[in-house]
Amino acid sequence: MASTGADRYQPQASEPRWQAAWSAADVFTARADPDRPKYYVLEMFPYPSGRIHMGHVRNYTMGDVVARYKSASGFSVLHPMGWDAFGMPAENAAMEQGGHPKDWTYGNIEVMRGQMKPLGLSIDWSREFATCDPEYYGQQQAMFLDFLEAGLVYRKNAVVNWDPVDMTVLANEQVIEGRGWRSGAEVERRELTQWFFRISDYSAELLQALDGLEHWPDKVRLMQKNWIGQSRGLQFAFATHGAPDGFDRIEVYTTRPDTLLGASFVAISPDHPLARHLERHDPQVGAFVAECRKLATTEEALEKAEKRGHDTGITVLHPFDNDWELPVYIANFILMDYGTGAIFGCPAHDQRDLDFARAYGLPHPDVFHALEDDTPVTDTAFVPPKTEPVRYIRGFAGEEVQTGNEAIDAAIAFCESQGVGHAVTNYRLRDWGLSRQRYWGCPIPVVHCERCGVVPEKKENLPIVLPDDVSFDAPGNPLDRHPTWRNCTCPRCGGAALRETDTMDTFVDSSWYFARFTAPRAPTPTDLPEADYWMNVDQYIGGIEHAILHLLYSRFFARAMVKTGHLPEKCKEPFAALFTQGMVTHEIYKSTDARGRPVYHLPEEVADGRLIATGAPVEVIGSQKMSKSKKNVVDPVNIISAFGADTARWFVMSDSPPERDVEWTSAGAEAAFKHLGRVWSLGRRIADMPDGATTEADRDLMRAMHRAIADVTRAIDGFAFNKAIAELYAFTNTLSRSNASGAAQKTAMRTLAQLMAPMVPHLAEDLWAMLGGAGLVAQAAWPQADPAMLVADTVVLPIQINGKRRSQIEVAVDLPREEVEKRALADDAVLKALAGGAPKKLIVVPGRIVNVVV
RNA sequence: GCGGGCGUGGUGGAACGGUAGACACAUGGCACUUAAAAUGCCUGGGCCGGAUGGCCGUGCGGGUUCGAAUCCCGCCGCCCGCACCA
């Protein structure tokens, strides 16, 4: 069965054979084995866009290295795969090319599965599912109903991007410079009643629990912390003057109460109740608010937009000086969702407020100065860190040196003592709006009954399956205009009712798939004993672009599932360790057409900076993330057919550290292929050697082998796959030059095969079989380094003179410090530098370095 | 705009605060060959030098330290996210 008879490396022939052998031996089926420790490794599942790309290859190879390594190390491994299959592209394809999102999606899954299988990943395919399978989303609907009952879901109004020409809701990415991507119409903000998860109830807990995620990257924890955005501040009310009835007070929230005596205006959100009221009665306000509503809904658009306001003519009285009146503006940069939707501006110590104050001719009195600089603020706000002491000139305690934090504490205490407001802990995190006005998503299982209102579906009626007979020739949600699907009976009163036509955000689908993998065919969302055995995910691997939303939503969902009994208590943090991998990038080849528009070219169409077809030169632009629109993509399928899967796997794991981007180059891929061929030939040569008699060189080779085992193991454990590969290169070089006996070289070669197996499993099986290894290397136990073989007798100590390396000495590892000092001082270079004098200082770092200061 | 990250030879990168450039790729040289490909060996940051060696060098400018790619401060550039892309 093995390709031992071949005379050269032929991955195209051997890779399918080994994949068949693994399949026949049922090597990758996950089994809950109470006698073995379990290990759940998961890569973020792919969106079935149509073809796999190098980013997938890199992502899944990383997971595969971990899975194979853990399996060899005695763990019962779960390594599943599925498809994040709902989402807009399927609907877009249906609109552009006709056809049905379902056919498009399942067709893509078929193609991509077919492209992934040749990679030889150790995936338990028996657990595969797609989130658009009714079996999956039906269970999601069941959980939604449980969440609803547990008070984790509610409805409220929220704004969406509305395209007034296409009469449809647009996603943020469909809004380009304030206009609809298809119609080109100016996008408006429109309010709709939508479903929300109460994730903000968990703000404090989600924040606090970040501390326990020790095996997550610090940067991700920090990003989530900032996203949750806990702030401590003061909430209080200004009394108004000249405001309409019912608006005699405006509640504001501030994180800088210490600057209250430097306030110069009050600003409210265009969505603030007062603004809404004025809008109805004052055409000028109406015009301004309408202008604000043309802005896209993203925070980014809001922040980048010119800061604009409308003076309402209303004023408020300063709480500590009733003769002091501040104007009230409606301002386009105030969010209704955060705090109370109203702020006071202290321009001297907030750049945004300062820009606003200067634009509207408002004063900007300084509240504090730097300790040695009392220059008043002009066009740059003075915003020192809150931990830095500053001199308050308009503080609550007169002229005093305090840090911002101290002054904030003092201000809150003072205001509370005066009956002006109270301390409030606020969070930036908003509730998670899950309603989407689209067809290709999980239907929200509720009905709207004229008599009973909003009524949850009965669980026995689940799944609420998407109707197949829909058309995409008209804009908007086909479910809204479906002739029969929408009509249903009320589960409560049995009368006529209308089905909810909103579907769920696809983030819902990806917020629990990891739990479903533990029991993918269970008749309930999860099977608790299975979840208890396999959860949590021991190693989760995916892109840094998911650092906030997907991971935060999943953390919330896990808590909600624990609360509703779908996961055991220990699953509140479902991902024990997280690794965020970098992207695969490639150069971009660009030229321009006759009309001067950019034209992009695929890498295979270009050689030496020229188009192969015409010889015309192309502009070479530096590497960027592979994307179809820039055509800087390399199709893994082409690489596999040219070089085999192992070359693709080896290349994406070598060179770049996995957390950083890797640049795909054809030269690098060819080099990887050549190297694997060299290793194969080396294996062939060694396999044919007679065992021979033990030689002097055997011990050196065995030392190198044990060193390689230790180094590669440590590198894989530490996710430093590029270093593991560097060690494998080094050991391969040592082995190929070794004069050791045939028997020793065979042992070394078998070990090399085992150490390479997680990265290049097919080649490893070739080598293992050539060298008479027992069974499959995929089922062999990971080699162990013998500590006795790792200790060196001597060590080379570099000698620095004034911090620069000037010499070195070789000493026994256990030589006492005094002896090392003596030897160092006797060194020629040191004697010369000292010129007879005594060293000023002598630093000996045992086993590392000696530094002589003269 | 806000939040997070990254920056080391021609290239990808390595380096518990301790010999900067491990391991590769490209280049150059040599061997093998009628020739080419393939393969193997040597070279492989810059400058000076025949060599031993010396000086400079980790985006830029400062600082801490016996010693800084690594820690601190200030810049510059690039990348990711910003709640309806997945």
Side-chain angles (χ1 to χ4, degrees), chain A residues 44-47 49 84 86-89 158 160-161 169-175 194 199 217-220 222-227 229 297-305 307 333 337 351-352 355 428-438 505-507 509-510 543-550 552-553 580 582-583 585 622 624-625 654-657 659-663 665 667-668 670-672 674-675 677-678 681 720 722-723 725-730 732-733 736 796-808 839-843 845 847-854:
Chain A
M44 290 180 186
F45 66 163
Y47 178 78
S49 56
D84 188 13
F86 275 135
M88 283 201 309
V160 294
N161 299 308
V169 177
L170 298 178
N172 286 333
E173 72 158 10
Q174 296 174 315
V175 179
Q194 309 204 60
I199 186 173
D218 286 341
K219 63 180 168 184
V220 175
L222 186 56
M223 279 191 259
Q224 292 215 350
K225 180 184 174 206
N226 291 337
W227 184 262
T297 56
T298 68
E299 195 164 297
E300 184 188 4
L302 221 55
E303 292 282 336
K304 277 188 181 163
K307 308 295 177 280
F333 57 92
D337 291 318
Q351 190 61 43
R352 197 168 55 178
D355 293 343
R428 207 183 74 97
L429 181 64
R430 310 199 291 258
D431 277 335
W432 169 12
L434 68 120
S435 293
R436 295 294 180 271
Q437 295 71 40
R438 291 182 219 296
D505 178 8
T506 56
F507 273 123
D509 312 335
S510 55
I544 184 70
E545 66 272 24
H546 296 295
I548 295 173
L549 293 180
H550 163 60
L552 193 61
Y553 289 159
T580 56
M583 300 176 299
T585 65
Q624 285 182 26
K625 179 180 183 170
S654 61
D655 287 355
S656 284
E659 67 276 14
R660 252 199 260 177
D661 293 352
V662 63
E663 182 177 1
T665 61
E670 278 163 31
K674 280 185 198 172
H675 176 73
R678 273 195 295 270
S681 303
N722 57 321
K723 280 189 258 176
I725 285 182
E727 304 292 355
L728 289 168
Y729 269 110
T732 304
N733 291 341
S736 68
V796 174
L797 289 183
I799 296 181
Q800 293 182 330
I801 295 166
N802 292 337
K804 284 184 186 288
R805 197 192 72 88
R806 284 290 182 265
S807 184
Q808 60 184 37
K840 266 193 204 153
K841 204 165 178 181
L842 185 58
I843 292 137
V845 183
R848 307 271 343 175
I849 206 162
V850 178
N851 191 10
V852 186
V853 185
V854 300

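Naming convention: chains lettered A, B, ... in sequence-line order (proteins, then strands); numbering from 1 in each chain. As a basis for the values below, the full set of heavy atoms in this structure was taken, side chains included, without hydrogen atoms, waters or symmetry mates.
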Using the C1' atoms only, state how far C23(B) lies from G44(B), rounded to an integer number of Å.
14 Å
Parallel, tilted or perpendicular, as decided by the 30° and 60° cut-offs, for the rings of His675(A) and Tyr729(A):
tilted
Between NZ of Lys841(A) and C1' of C66(B) the distance, given in whole Å, is 5 Å
Check whether any side-chain heavy atom of Leu552(A) lies under 4.5 Å from a side-chain heavy atom of Leu429(A), and answer yes or no.
yes
Could you work out which one of U19(B), A86(B), U39(B) sits closest to the side chain of Arg805(A)?
U19(B)
Over all atoms of both residues, closest heavy-atom pair of Lys307(A) and Leu302(A)
NZ-O, 4.4 Å
Candidate nucleotides A86(B), C84(B), C25(B), ranked by approach to the side chain of Arg438(A) - the nearest:
C84(B)
Could you work out the separation of U11(B) and C75(B) based on their C1' atoms and round it to a whole Å?
28 Å
Quick one: label Gly668(A) by what it contacts on the DNA or RNA (base, sugar-phosphate, nothing), any heavy atom closer than 4.0 Å.
nothing
Do any N or O atoms from the side chain of Gln194(A) and from the backbone of Leu434(A) form a donor-acceptor pair under 3.5 angstrom?
no
Whole angstrom is fine here: how far is it from CG in Asn161(A) over to P in C82(B)?
14 Å
Quantified in whole Å, what is the C1' atom distance between nucleotide U64(B) and nucleotide C72(B)?
7 Å
Return no unless some side-chain N or O of Arg430(A) is found under 4.0 Å from OP1 or OP2 of A83(B).
no
Keeping the roles fixed (side chain from Asn172(A), backbone from Thr297(A)), state whether a donor-acceptor pair exists under 3.5 Å.
no
How is Ser435(A) classified with respect to the nucleic acid when contacts are heavy atoms under 4.0 Å: base, sugar-phosphate, or nothing?
base
Nucleotide of C66(B), U19(B), C85(B) approaching Val853(A) most closely (side-chain heavy atoms)
C66(B)
Give me the distance, rounded to whole Å, that separates C32(B) from A26(B) when you measure between the P atoms they each carry.
23 Å
Salt bridge between Arg430(A) and Asp337(A), side-chain N to carboxylate O under 4.0 Å?
yes
Under 3.5 Å for both donor-acceptor distances, Watson-Crick or wobble: does A31(B) have a partner, and if so which one?
U39(B)
Got a donor-acceptor pair under 3.5 Å from the side chain of Glu545(A) to the base of C79(B)?
no
Could you give the distance separating G59(B) and C78(B) at their C1' atoms, to the nearest angstrom?
11 Å
For the backbone of Ser654(A) and the side chain of Asn722(A), can you confirm whether one donor and one acceptor N or O come within less than 3.5 Å of each other?
no
Smallest separation among heavy atoms of Met223(A) and Ile544(A), with atom names:
CE-CD1, 3.7 Å
Of Ile849(A) and Arg428(A), whose closest RNA chain B nucleotide lies nearer the 5' terminus?
Ile849(A)
Under 4.0 Å between any heavy atoms, over every strand shown, what does Asn733(A) touch: base, sugar-phosphate, or nothing? Just pick one.
sugar-phosphate
Does any non-hydrogen side-chain atom of Thr506(A) lie less than 4.5 Å from one of Tyr47(A)?
no
Using the P atom as the reference point in each nucleotide, state the distance between A68(B) and C76(B) in Å, no decimals.
26 Å
Should C2(B) form a Watson-Crick or G-U wobble pair with both distances under 3.5 Å, which nucleotide is its partner?
G81(B)
Any protein N or O atoms within reach of nucleotides 1-4 of chain B? Criterion: under 3.5 Å, listing atom names and distances.
residue, atom, partner, partner atom, Å
G1(B), O2', Glu303(A), OE1, 3.2
G1(B), O6, Glu300(A), OE2, 3.4
G3(B), O3', Asn226(A), ND2, 2.9
G3(B), O2', Asn226(A), ND2, 2.9

Should Arg436(A) and Met88(A) count as side-chain neighbours, where that means a heavy-atom distance under 4.5 Å?
no
Work out how far the P atom of G57(B) is from that of C47(B), and round it to whole angstrom.
15 Å
Under 4.0 Å between a side-chain N/O of Asn172(A) and OP1 or OP2 of A83(B), yes or no?
yes
So does Arg678(A) get a side-chain nitrogen or oxygen closer than 4.0 Å to the phosphate oxygens (OP1/OP2) of G40(B)?
yes
Name the nucleic acid region contacted by Val845(A), choosing base, sugar-phosphate or nothing; use a 4.0 angstrom heavy-atom cut-off, strictly under.
base
Are the charged groups of Arg428(A) and Glu299(A) less than 4.0 angstrom apart, N to O?
yes
Could you check whether His546(A) gets within reach of a base, just the sugar-phosphate, or nothing at all, counting any heavy atom under 4.0 Å?
base
When we call it a touch if two heavy atoms are under 4.0 Å apart, what does Phe507(A) touch: a base, just sugar-phosphate, or nothing?
base
Tell me whether the OP1 or OP2 atom of C82(B) has a side-chain N or O from Thr298(A) closer than 4.0 Å.
no
C85(B) base / Gln174(A) side chain donor-acceptor hit below 3.5 Å:
no
So what does Gly433(A) hit on the nucleic acid, given a heavy-atom distance under 4.0 Å: a base, only sugar-phosphate, or nothing?
sugar-phosphate
Indicate, with a heavy-atom threshold strictly under 4.0 Å, whether Leu552(A) touches base, sugar-phosphate, or nothing.
nothing
Which part of the nucleic acid, if any, lies within contact of Gln437(A), taking any heavy atom under 4.0 Å across all strands shown: a base, the sugar-phosphate backbone alone, or nothing?
base
In whole angstrom, what separates Ile843(A)'s CD1 from G17(B)'s P?
18 Å
At 4.0 Å (heavy atoms only), tell me whether Val169(A) reaches a base, stays on the sugar-phosphate, or touches nothing.
base
Anti versus syn assignment for G9(B), with syn defined as within 90° of 0:
syn
G18(B), A86(B), C84(B): which one has an atom nearest the side-chain heavy atoms of Pro89(A)?
A86(B)
Report yes if some heavy atom in the side chain of His550(A) is under 4.5 Å from a heavy atom in the side chain of Phe507(A); otherwise report no.
yes
Whole Å only: how far is the NZ atom of Lys840(A) from the P atom of C66(B)?
11 Å
Could you list the residues that satisfy side-chain hydrogen bond (donor to acceptor under 3.5 Å, both in side chains) with Asp84(A), not counting sequence neighbours?
none
Give me the atom names and distance for the closest heavy-atom approach of Val169(A) to Arg438(A).
O-NH1, 3.8 Å
Report yes if at least one side-chain N or O of Lys804(A) is closer than 4.0 Å to OP1 or OP2 of G57(B); otherwise report no.
no
Nearest to the side chain of Ala671(A), which nucleotide is it out of C16(B), C80(B), C25(B)?
C25(B)
In whole angstroms, how far is the P atom of C55(B) from the CG atom of Asn802(A)?
12 Å
Go along nucleotides 7-14 of chain B 5' to 3' and tag each nucleotide: B for a protein heavy atom under 4.0 Å from its base, S when only backbone or sugar atoms are that close, - otherwise.
S----BSS
To the nearest Å, give me how far apart CD (Glu670(A)) and C1' (A26(B)) are.
12 Å
Just how far, in rounded Å, is P of U52(B) from CD of Gln808(A)?
14 Å
Find the partner of C23(B): check Watson-Crick (N1-N3 plus N6-O4 or O6-N4) and G-U wobble (N1-O2, O6-N3) distances, both under 3.5 Å, and reply none if neither fits.
G12(B)
Counting side-chain heavy atoms from CB outward, which of G18(B), C55(B), U19(B) is closest to Arg806(A)?
C55(B)
Side chain Asn851(A) and base C66(B) donor-acceptor under 3.5 Å:
yes
How long is the line joining CD1 of Ile544(A) and C1' of C6(B), in whole Å?
11 Å
